[in-house]
Visitor: 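Structure incoming, see below.
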There are 2 protein chains.
Amino acid sequence: MHRSGLIARLERHLALTEEERAAISRAEQREIRLKPGEILMAEGGTSHALFVVHYGWLHSAARLAAGGRQILRFHYAGDLIGTSSIAWSQASATLTAVSDCTVTELPKADLGQIFRQQPRLAGLLYAIAAAENVAMSDRLTSIGRKGAAERLTTLLLDILARLRVTAGGVIDSFDLPLTQSDIGDALGLTKVHVNRTIRALERDGVIERNGRRVRILDPELQMRRTGFVDRYGEIETAWLPPAP
Amino acid sequence: MHRSGLIARLERHLALTEEERAAISRAEQREIRLKPGEILMAEGGTSHALFVVHYGWLHSAARLAAGGRQILRFHYAGDLIGTSSIAWSQASATLTAVSDCTVTELPKADLGQIFRQQPRLAGLLYAIAAAENVAMSDRLTSIGRKGAAERLTTLLLDILARLRVTAGGVIDSFDLPLTQSDIGDALGLTKVHVNRTIRALERDGVIERNGRRVRILDPELQMRRTGFVDRYGEIETAWLPPAP
DNA sequence: CGCCGAGTTGAAGCCTTTCAACGCTGGTGG
DNA sequence: CCACCAGCGTTGAAAGGCTTCAACTCGGCG
């Protein structure tokens with residue numbers, strides 16, 4: 001099996017011991033490959049496992065009684081997902097592949113083992129969960145208090161920031177596998193208005209498009225204008241207990 | 001010192017051992033009392049501690065460059081707050097007292113101790129963080145995909161559900177210490193529209209008001225209509241490692 | 001070759017915001 | 001002690017951003 005996406009993620013914050021790496025490897029079970037649109041876990045279904053993303057994108061989404069959909073988060077390599085199954089046995093959101101992707105199962109019981117034997121990893125996972133909570137807050141602020149153009153720009157900057165991590169360099173363009181309908185469901189807009197907003201950003205020289213390739217002309221400028229903060233760069237680890 | 005709100009919260013999910021209780025008591029430092037409107041922690045400020053709420057309400061909010069504000073969450077007795085300081089030393093949100101309240105400090109370093117010595121507590125804290133993440137998702141869905149009346153009803157139901165826990169019974173009314181401006185900032189609406197929406201709910205027989213007292217006429221009906229889910233009732237603990 | 005999903009565009013309507021004004025209440029200082 | 005002031009709640013009217021409805025194009029897949 002190839003290298004774990006989760007281990008790679010954790011090592012960006014902390015130099016893991018051999019034991020810590022082994023504990024995670026042991027917990028990760030069978031690998032699952034998904035095609036775009038395939039569902040990994042359905043809202044309301046029962047689940048006794050989390051998933052680690054190794055490659056590709058997914059999203060988690062909630063359905064409304066009225067028939068709409070809200071995309072809650074996008075998940076990239078290194079993310080530990082399906083975390084709602086930690087607190088309940090029923091999934092609170094649907095996990096769907098956006099691109100081709102591979103994930104591995106991580107049974108809840110094995111997570112318990114990690115918490116028992118690797119307190120430093122437990123702390124780091126807790127810190128990452130706290131960071132994700134803050135990222136969620138940013139999204140809430142964006143949807144609650146910003147107009148369509150700014151929401152869209154922020155989403156594109158967020159995707160760019162996440163991809164820059166794995167790309168290992170400062171890129172300014174990427175392939176966007178999302179439909180405009182998906183984008184609307186992520187931003188709380190209709191697909192029609194997403195389309196108009198995208199075209200307005202093009203006209204205003206904020207972005208360029210070529211097929212599904214999107215280029216942000218001056219990412220740093222846009223980050224300043226929207227007040228975008230990358231929540232995934234650094235995580236403080238000084239408070240963590242030492243490795244055993 | 002009176003009984004810790006956090007211990008009470010955790011014991012709703014798990015029967016704690018004497019050692020576990022002691023570990024938390026040891027970590028909780030000086031008690032702080034706040035009056036409505038007082039700020040416990042300011043966005044951008046540095047902080048090396050979390051806080052445990054023992055009594056009263058607070059909220060966390062983010063400011064926008066444009067001048068607006070988004071209230072992210074309300075915090076009640078038993079909540080562990082300021083968790084953004086777990087991942088960074090800078091606070092990402094401002095914590096403000098809504099009512100009179102008392103909290104205690106919980107230094108990050110002591111949290112590290114708890115993670116090292118009490119893996120079961122660590123797991124439970126992680127599960128609670130996961131549950132909060134889901135609650136945040138619910139809010140995102142509400143703001144992204146629902147109209148003003150439904151957002152407001154959902155907020156009132158959420159407050160009711162939280163108060164029912166500490167009230168220890170099925171209540172259907174409560175004192176609402178929030179201004180309409182606060183409510184607007186929590187729901188992504190203007191205070192003017194909040195006012196119109198409140199009056200519409202009164203006219204439609206959804207709520208009654210008497211000063212700051214709010215009564216929801218048929219909470220169960222409204223829960224069904226809005227698809228409200230109480231995320232704070234049960235948390236699964238079967239996967240947790242055993243107490244040492 | 002035809003169909004279906006995705007993207008695009010126009011026009012009309014609705015929900016929410018903005019701007020403005022006024023009453024009420026509780027706290028403060030003369 | 002009381003007048004004043006500031007903040008909150010309330011309401012109206014007009015404007016604006018986003019949605020809805022509808023139609024048309026384009027490209028890929030069966």
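Computation of the quantities below employed the complete heavy-atom set of this structure, encompassing side-chain atoms and omitting hydrogens, waters and symmetry-equivalent molecules. Predicted model only: the values in this text are computed from it and were never measured. Chain A is the first sequence line, chain B the second, and so forth, proteins listed ahead of strands; every chain is numbered from 1.
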Visitor: Could you check whether atom CG of B:Asn210 has more than 12 heavy atoms from other residues, nucleotides or ligands sitting under 6.0 Å from it?
Guide: no
Visitor: Between A:Arg212 (CZ) and D:dC26 (C1'), how many Å, whole number?
Guide: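 It works out to 15 Å between those atoms.
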Visitor: Roughly how far apart are A:Ser173 OG and A:Leu156 CG, rounded to 0.5 Å?
Guide: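 A:Ser173 atom OG to A:Leu156 atom CG measures 12.0 Å (nearest 0.5 Å).
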Visitor: Using a strict heavy-atom distance below 4.0 Å, which residues from residues 178-194 of chain A are in contact with DNA chain D?
Guide: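 Within this stretch, A:Gly188, A:Leu189, A:Thr190, A:Val192, A:His193 sit under 4.0 Å of the strand.
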Visitor: Rounded at 0.5 Å granularity, tell me how far CD1 in A:Ile207 sits from CG in A:Asp218.
Guide: 14.0 Å
Visitor: Using a heavy-atom cut-off of under 4.0 Å over every strand shown, decide if B:Arg209 touches base, sugar-phosphate, or nothing.
Guide: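 If one applies the 4.0 Å heavy-atom cut-off, B:Arg209 turns out to touch the sugar-phosphate alone, with no base involved.
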Visitor: Between P on D:dC8 and CZ on B:Arg199, what's the gap in Å once rounded to a whole number?
Guide: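 My rounded result for the distance is 18 Å.
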Visitor: May I ask you to verify whether the side chain of B:Arg196 and the base of D:dG12 hold a donor-acceptor pair under 3.5 Å?
Guide: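 Result: at least one qualifying N/O pair found.
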Visitor: Salt bridge or not between B:Asp79 and B:Arg73? Use side-chain N to carboxylate O under 4.0 Å.
Guide: yes
Visitor: For the atom pair CZ (B:Arg209) and CZ (B:Arg199), what is the distance rounded to the nearest 0.5 Å?
Guide: 5.5 Å
Visitor: Are B:Arg63 and B:Asp185 within salt-bridge range, i.e. N to O under 4.0 Å?
Guide: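 The answer is no: the pair does not qualify as a salt bridge.
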Visitor: Using whole Å, what does the distance between atom P of nucleotide C:dG7 and atom CG of A:Asn210 come to?
Guide: 15 Å
Visitor: Can you measure B:Leu152 atom CG to D:dG9 atom P for me and round it to whole angstrom units?
Guide: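 So the CG-P distance, B:Leu152 to D:dG9, works out to 13 Å.
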Visitor: Expressed as a whole number of angstroms, how long is the span from B:Ile198:CD1 to C:dT16:P?
Guide: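 Spelled out: CD1 on B:Ile198 to P on C:dT16 is 14 Å.
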Visitor: Find the distance between OG (A:Ser85) and CE (A:Met41) and round it off to the nearest 0.5 Å.
Guide: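 Reported value, rounded in 0.5 Å steps: 4.5 Å.
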Visitor: It should be established whether B:Asn195 places a side-chain nitrogen or oxygen under 4.0 Å from OP1 or OP2 of nucleotide D:dT10.
Guide: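 Yes, B:Asn195 has a side-chain N/O under 4.0 Å of OP1/OP2 on D:dT10.
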Visitor: Let me know the distance between NZ of B:Lys146 and P of D:dT19, rounded to the nearest Å.
Guide: 17 Å
Visitor: When rounded to the nearest 0.5 angstrom, what distance separates CD1 in B:Ile171 from CG in B:Leu160?
Guide: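 Answer rounded to 0.5 Å: 5.5 Å.
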Visitor: Using a 4.0 Å cut-off on heavy atoms, which residues in residues 59-71 of chain A reach DNA chain D? List them by number, or say none.
Guide: none
Visitor: For B:Glu220, look at atom CD and say whether over 12 heavy atoms of other residues, nucleotides or ligands are found less than 6.0 Å away.
Guide: yes
